[in-house]
Amino acid sequence: TVKANRWHDQHATQWLPQICAKYGCELAEIRVPWRQYLETNHLQPAALLSDGVHLNDKGNALLASYIKPHLVYNPKLPDAEWKNLTRAFVIGKDAKWNNGRLTLTFEGNRVDLIAAQTGKAKAGTLAESAPGSARVLIDGKPPSQFPECYAITRPNDLPRVDWPWNVGGIIRVGSEKPLVVEDWTARVLTFDQATGRFTFAVAGSQTGPDGNGASDAKFVSTSGRVVIESSDWWVKDVHEKYLIAPGYVVHWRVIPQFFDVYQPPVIADPTLEYATTVAQGLANTTHTLELIAEKGVPPLETIRVYRPPVK
């Protein structure tokens, strides 16, 4: 308990202030005044909790009282890093087609193409019945060639199932090698009921069988496309709910955050914005976007670029 309290004290008094200073965030210090409140009112921590972990109504009210003074606008604080986090390049004004090709230099990590209503399409687009498409290049390469534009889904992320049961047994899956779009499974081979230790086999729908591992050691698959740290297995609570045994399977997917070819969507509701993310997850630096029209220039209204403040 003493060791745990020291960890939390260090977290509150050292790590959080350092993170806030590094990224220009405001620190709402509540640990010290919270402890003072308990001491002044001769209360145990449980008096402000509903279940030993989460706050009750009184605890929520106290937390709100400590947070509210920070929720004010201070015009004296610097805001340069938090301005212009998105930028819209209007087609025909900020970015123009030239002989079926559009080139745009931008800074950021994500690019969305906003479809134009066919009645509002810029000069040079095809008729409503036959909108064109466009090949997408980032720095001269299709977005699919950027490993950072692939994402790994949360294992066994089940809808309407509360945490931790929806975790399925693994908190996080990483990789050491470039990914491809595919479905993955980790299948339990053996399970020791006494120790909770188990072995498993990993396979991908494109990669195929990719190696076996054990829950008490770091696992790197044969292809390098799957990395599971021993600390990322969340088995105890899941086992209590589902009784993990040989044959239990954890699922996850590798999904694309890109389109190599932009195909204009069907505008079903003219009151809505139809955005297509053609690249997300890029290094947050300067890039060059190229759109190369195929079968006519696609009707685009805007190119929107996202530039997070943290690089």
With a sphere of 6.0 Å drawn around CD of Gln14, does it hold more than 12 non-hydrogen atoms of other residues, nucleotides or ligands? yes

Between Ser221 and Gly211, is there a donor-acceptor pair closer than 3.5 Å when you use the side chain of the first and the backbone of the second? no

Look up atom NZ in Lys177 and atom OG1 in Thr207, then write down how far apart they are to the nearest 0.5 Å. 13.5 Å

For the side chain of Glu26 and the backbone of Ala28, is there at least one donor-acceptor N/O pair under 3.5 Å apart? no

Same cluster (ILVMFWY, side-chain, under 4.5 Å), Leu179 and Val227: no

dist Glu148:CD -> Gln280:CD (nearest 0.5 Å) comes out at 12.0 Å

For Phe219 and Asp210, work out which heavy atoms get closest and say how close. CZ-O, 3.9 Å

Determine, step by step, whether Arg307 and Asn284 satisfy the side chain to side chain contact (heavy atoms under 4.5 Å, CB included) criterion, reporting the C-alpha distance in whole Å, the side-chain angles of both residues, the deciding distance to 0.1 Å, and the verdict. CA-CA 7 Å; Arg307 181 191 63 80; Asn284 192 24; 3.9 Å; yes

Polar side-chain atom of Tyr262 near backbone of Thr276 as donor-acceptor pair, under 3.5 Å: no

Scanning both residues in full, the closest heavy-atom pair of Pro142 with Leu137 reads N-CD2, 3.7 Å

Taking the side chain as every heavy atom from C-beta outward, state whether His287 and Asn109 have any atom pair closer than 4.5 Å. no

Is the distance between the ring centroids of Phe198 and Tyr248 under 6.0 Å? no

Heavy atoms only: give me the nearest Ala293-Gly296 pair and the separation to one decimal. CB-O, 3.6 Å

For a 4.5 angstrom cut-off between non-hydrogen side-chain atoms, does Phe146 reach Asp139? yes

How about Val173 and Pro155: do any of their side-chain heavy atoms sit closer than 4.5 Å? yes

Whether Asn56 side chain and Gly59 backbone form a donor-acceptor pair below 3.5 Å: yes

Please answer: with hydrophobic residues joined when any side-chain heavy atoms are less than 4.5 Å apart, are Tyr66 and Leu71 in the same cluster? yes

Inter-residue atom distance Lys68.NZ - Leu63.CG, 0.5 Å rounding: 11.0 Å

Are the side chains of Tyr150 and Ser144 in touch, meaning some heavy atoms are under 4.5 Å apart? yes

Just verifying a value: how many Å separate Asp79 CG and Asn84 CG, rounded to the nearest 0.5 Å? 9.5 Å

Within the 4.5 Å heavy-atom criterion, are Leu55 and Leu49 side-chain neighbours or not? yes

Shortest non-hydrogen pair, Ala134 vs Leu291, comes out as CB-CB, 4.3 Å

Residues Arg197 and Asp192 bridged, charged N to O under 4.0 Å: no

Is the shortest heavy-atom distance from the side chain of His11 to the side chain of Leu16 under 4.5 Å? yes

Please say whether more than 12 non-hydrogen atoms of neighbouring residues, nucleotides or ligands are located less than 6.0 Å from CG in Asn74. yes

Work out which heavy atom in Phe106 is nearest to a heavy atom in Leu282; give both atom names and the distance. CZ-CD1, 4.2 Å

For Leu289 and Thr103, what are the C-alpha separation, side-chain angles and deciding distance, and is it a side chain to side chain contact (heavy atoms under 4.5 Å, CB included)? CA-CA 6 Å; Leu289 167 71; Thr103 302; over 6 Å; no

The test is side chain to side chain contact (heavy atoms under 4.5 Å, CB included); show your working for Trp34 and Leu48 and say whether it passes. CA-CA 10 Å; Trp34 194 279; Leu48 302 177; 3.4 Å; yes

Surrounding CZ of Phe259 (heavy atoms of other residues, nucleotides or ligands, distance under 6.0 Å), is the total greater than 12? no

Residue pair Arg225 / Ser175: nearest heavy atoms and the distance that separates them: O-CB, 3.4 Å

Steps toward side chain to side chain contact (heavy atoms under 4.5 Å, CB included) verdict (Tyr306, Asp112): CA-CA 8 Å; Tyr306 296 75; Asp112 286 0; 3.2 Å; yes

Please report the interatomic distance CG(Asp9) to CZ(Arg31), rounded to the nearest 0.5 Å. 4.5 Å

Check each of Leu102, Val90, Ile114 against Ile303 using the side-chain contact (heavy atoms from CB on, under 4.5 Å) test, and report the only one that passes. Leu102

For the atom pair CD (Glu229) and CZ (Arg172), what is the distance rounded to the nearest 0.5 Å? 7.5 Å

Without swapping roles, check the side chain of Gln206 against the backbone of Val180 for a donor-acceptor pair under 3.5 Å. no

Hey, does Asp216 have a side-chain heavy atom less than 4.5 Å from the side chain of Trp233? no

Leu189-Val202 co-clustered via ILVMFWY side chain contacts under 4.5 Å: no

Test your reading of the model: is there a side-chain donor-acceptor pair from Tyr274 to the backbone of Pro264, 3.5 Å cut-off? no

Taking the side chain from Thr185 and the backbone from Val249, do they hold a donor-acceptor pair closer than 3.5 Å? no

Same cluster (ILVMFWY, side-chain, under 4.5 Å), Leu43 and Ile30: yes

Tell me whether Trp252 shares a hydrophobic cluster with Val181, the cluster being built from Ile, Leu, Val, Met, Phe, Trp, Tyr side chains joined at under 4.5 Å. yes

Flag the pair Asn212 / Thr199 as yes when at least one side-chain heavy-atom distance between them is below 4.5 Å, and no otherwise. no

For the backbone of Tyr37 and the side chain of Asn41, can you confirm whether one donor and one acceptor N or O come within less than 3.5 Å of each other? yes

